[in-house]
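No hydrogens, no waters, no symmetry mates; every other heavy atom, side chains included, goes into these values.
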Amino acid sequence: MRRLWVVAVAFAVIGSPCASAQTPLWVAEERGETPDPAIHYGELANGLRYAVMRSAEPKGVAVVEYHIAVGTAQQSANEKEFAHLVEHMAFGATTTFPKGDAIAQLQSAGLQLGGDVNGATSARGTVYSLSIPQVTTEKLALALRFLRGFSDGALFDANEVERQKGVVGAEIAGGETQATRAARALRQQFYPELPYLWEKPAQRLASLHTITADQLRAFHDRWYRPDTAFLVVVGDVDPSETGKALEAAFASWKRPSAPISALKPVLFQPRTASASVVQEAGLTDLLTLGVAKPQPNVVPTAATRHDAILATLGMAIVRDRLERLVLTSPQVPIASVSFQTSRWPELAEFYSFSANFRTGKWHEALTLLEQETRRPLVTGFTVPEVDRAVTNTLKGARSASLRAAARTSSELANGIVAAYADRQVFVLPERNFQRISEVLNAASPADIAAAYNAVWRETPPAIAVAGSEALPASSALVRDAYALAHRGPLPTRDLTLAVAKQLPVPGPAGTVVERHHVDDLGVEQIRFANGVRLNIKHTDFRANEVLTTMRLGGGLLAMPHGERPVAPPLSMLYLGGVAGLSAEQLLAGLRATQVSVDSVALGTNVVQFKGQNNPASLSDQLRLWADLVGKPDFDPHADALVQARVEAALQKADATAMAAFARHWPVFSNGDLRFAPLDLADVAGLSFSQSRQRFAPILADAPIEVTIVGDIDVDKAIAATAETLGALPPRRAQPLHDAGPDPKFPTGGEPIVWSHHGDAGRALVVSAWRAHDGFDPNDGISQAVLDEILRTRLFNDLRQTSGATYSPAPFICGIDQCARLWLYRCDRRSRHRRRSACRTDASHDCEFTRRIGADCGGTGARDGTDESARRA
């Protein structure tokens with residue numbers, strides 16, 4: 001897997017190193033921080049560095065992250081894709097596992113390839129990750145032997161190299177997204193002399209085909225050495241014993257005498273404003289405006305961190321200004337806006353704004369973005385804006401610090417590695433909160449404007465315009481449009497902030513009429529007088545974290561039969577206003593809380609709302625849901641905004657094989673149009689009047705069931721629910737079960753072929769058959785066993801043996817009691833051996849999945865797979 005490694009600058013949650021007298025100097029190149037004794041750092045005589053930390057989140061699990069300081073940045077011009085391909089070769093034969101059975105042994109220990117065993121290559125390094133379930137001394141030793149095996153004993157078999165070229169090629173093609181295209185376009189403008197930052201998949205694939213086994217071996221031997229390695233173990237382990245195991249596994253690794261070729265910082269030279277246009281089928285209309293700020297010091301200091309925090313706060317204020325325009329001005333040419341910050345020590349700090357613009361409105365959107373990014377350079381920021389931004393930022397940082405104890409071993413291990421690669425100290429979230437507080441509480445609007453100016457005034461912007469149609473014909477037109485906007489006057493804007501109002505309480509608190517405890521589950525079950533049901537389970541498994549779910553009766557089957565769901569999605573009800581508050585007022589009040597607004601799923605018989613909160617924000621979350629259900633305003637003034645947002649999402653319809661399959665899904669649902677997704681022709685008809693007609697009766701009295709699990713006092717959770725959802729008018733008494741219609745499989749023996757209008761080199765093969773809904777524990781166990789059997793066979797045949805695809809993946813379809821689906825992607829541009837495994841008519845693939853499904857059906861699984869698997 002290849003990824004560009006970037007670390008968020010200002011508000012990242014990063015962890016802290018060990019404070020003992022034996023702490024190596026390399027742990028904290030940045031001075032002024034107190035190392036955390038919870039992390040045990042060490043260095044072997046051969047130069048290998050390591051960190052070990054005890055963590056019981058989750059219990060019994062250990063996570064190993066192995067970082068080698070070689071990525072695409074270390075490759076010479078004739079070594080493109082070497083680091084990536086070496087990463088994949090690590091999973092093959094080594095001197096430790098000469099039969100290439102390391103993966104099989106890890107699987108026998110409970111680790112899944114792809115899920116628990118994986119690798120990723122970025123520009124700045126290669127990381128191998130292992131998650132060991134039910135960790136034991138023996139399992140940890142096996143994992144360390146696996147890592148040591150390819151560190152100095154990789155066997156580069158020529159046939160295996162050819163197979164892995166197919167896997168890497170499929171991954172390169174499959175990793176393309178709009179975000180990667182836009183980022184690549186900006187990086188090419190910033191650093192045209194560094195092609196490893198922006199090369200397109202076609203260029204990477206062309207380089208891949210020429211690599212030989214001998215070349216890979218030489219590259220591996222030059223870079224895989226103990227003094228480029230950093231090994232992290234976090235989990236339910238004893239740090240002292242783990243340190244001994246690390247030394248036993250790696251101490252004999254010989255360190256080469258030749259010095260390491262260090263990656264030298266690349267000075268960023270400010271250039272004139274530049275632009276690029278990316279026009280491809282299926283791309284959402286997206287405009288990105290970015291700048292790069294040179295870094296005088298590779299190692300961050302308190303001063304550089306101070307400036308980055310303030311500059312990022314200034315960008316948050318600009319984002320808020322644009323969001324207010326979107327919410328209050330229907331004719332604004334953008335539908336949404338976001339900002340991004342990242343830091344690469346050897347290159348620069350990167351800052352950018354991205355906006356989804358309305359079809360054909362790229363010029364107007366660019367003008368608006370130029371004006372609003374320029375405005376702070378001229379007029380600065382107002383005191384109310386700064387006060388709100390500081391409050392929101394500090395509450396977000398405080399929420400992260402409260403959740404510190406809930407961080408998983410995987411999060412901790414990943415954070416330690418990322419901080420090491422970025423030459424930062426891994427500090428606790430509480431310390432991060434303190435650092436941000438110290439900066440923001442002492443900052444004035446003038447300080448924030450100065451930091452913002454240092455980023456946006458001193459370096460010219462790079463512009464990327466992406467979409468599928470109605471784009472500028474050349475980058476020169478984009479540059480000219482930006483220059484014209486930059487020379488123009490700033491329009492007058494009303495910067496008055498919407499008053500942040502709290503959502504009202506629905507009514508008098510509800511009364512509990514039924515309560516009992518389920519002993520074997522540790523769940524408290526409550527029913528209020530209005531019929532709302534509540535399930536609560538207290539657990540401190542993840543401290544200061546609360547997971548909430550509200551299930552509302554209704555869903556797709558509540559709509560008239562044969563009618564398409566042409567109405568604004570329920571997740572956008574808040575845009576129409578709630579309880580007399582406009583969307584702007586509502587979001588202003590929620591900005592500083594940990595409340596989930598958009599997490600809504602429309603099921604067959606239920607609508608499911610989900611939230612991830614801390615104990616303090618639980619009441620806010622429940623109040624929002626109560627008012628969305630009890631007091632939606634359906635304000636028609638928001639119709640244009642909803643249409644723009646849905647249109648942006650639908651631009652990707654049929655743009656990929658997966659999207660095309662999802663759009664044809666009703667063929668498995670008895671052809672019921674209620675399950676059909678919207679298309680672009682439906683957008684003009686979206687209105688809140690339709691939402692009122694369709695959803696208001698459901699919202700008024702549908703049964704409600706709430707589930708709260710986490711670090712919460714049970715009585716306080718009952719009281720919070722009573723004051724919100726328990727205070728709603730009476731609900732219908734009806735059990736909530738989201739069972740959809742029986743599936744309708746196509747008849748006939750020939751595969752069904754659907755097409756998409758995106759990348760012609762991408763294909764998807766799906767095999768589907770009837771499965772039970774999984775509520776029966778025995779069915780669930782049987783299906784889980786079948787999952788593992790088919791997953792292993794798919795990996796072995798399609799990835800390991802054929803080299804035809806990167807990630808064959810099984811999953812269960814979205815409608816209960818319908819089908820079980822097995823998917824994998826296939827890259828038809830592959831020019832490697834076994835190309836027959838990826839034919840355009842997919843006949844080989846369908847035959848393989850049919851055969852494997854029918855064969856596994858004979859294992860006794862109770863899900864109907866003893867019949868031949870149907871193909872789609």
Examine the side chains of [X] and [Y] and answer whether a donor and an acceptor come within less than 3.5 Å of each other.
X: Ser55; Y: Ser409; result: yes
X: Thr126; Y: Glu87; result: no
X: Gln424; Y: Arg305; result: no
X: Gln340; Y: Ser342; result: no
X: Thr288; Y: Ser354; result: yes
X: Gln189; Y: Ser276; result: yes
X: Ser129; Y: Asn118; result: no

So, using ring pair (Phe, Tyr, Trp, His ring centres under 6.0 Å) as the criterion, who are the partners of Phe433 when residues are at least two apart?
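Scan of Phe433 (ring pair (Phe, Tyr, Trp, His ring centres under 6.0 Å), adjacent residues dropped) gives none.
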Can you see which heavy atom on [X] is nearest to which on [Y], and at what distance?
X: Leu194; Y: Trp198; result: O-NE1, 3.1 Å
X: Lys80; Y: Ser207; result: CD-OG, 3.4 Å
X: Pro429; Y: Ser401; result: CB-CA, 3.5 Å
X: Leu197; Y: Arg187; result: O-NE, 2.6 Å

Would you please indicate yes or no on a ring centroid separation below 6.0 angstrom for Phe353 and Trp456?
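They qualify: ring centres under 6.0 Å apart.
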Would you indicate whether the side-chain heavy atoms of [Y] and [X] approach each other to under 4.5 Å?
X: Phe219; Y: Tyr224; result: no
X: Thr312; Y: Thr393; result: no
X: Leu111; Y: Ile132; result: yes
X: His220; Y: Ile68; result: no
X: Pro195; Y: Gln203; result: no
X: Leu147; Y: Phe250; result: yes

Assign the ring pair Phe230 / Tyr41 to parallel, tilted or perpendicular, where the plane angle (0 to 90°) is split at 30° and 60°.
parallel
Sort out for me which residue in Phe156, Trp253, Tyr128 forms a ring-ring contact (aromatic ring centres under 6.0 Å, His included) with Phe150.
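Checked Phe156, Trp253, Tyr128 against Phe150; only one passes ring-ring contact (aromatic ring centres under 6.0 Å, His included): Tyr128.
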Can you name the one residue among Ile211, Leu216, Thr212 that meets side-chain contact (heavy atoms from CB on, under 4.5 Å) with Asp214?
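Answer to the side-chain contact (heavy atoms from CB on, under 4.5 Å) test with Asp214 among Ile211, Leu216, Thr212: Thr212.
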Please enumerate all residues that pass side chain to side chain donor-acceptor pair (under 3.5 Å) together with Ser151, with sequence neighbours excluded.
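With sequence neighbours excluded, Ser151 shows a side chain to side chain donor-acceptor pair (under 3.5 Å) to Tyr66, given in chain and number order.
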Salt bridge (charged side-chain N to carboxylate O under 4.0 Å, His left out) partners for Asp307, two or more places apart
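Per chain and number, Asp307 pairs via salt bridge (charged side-chain N to carboxylate O under 4.0 Å, His left out) with no residue.
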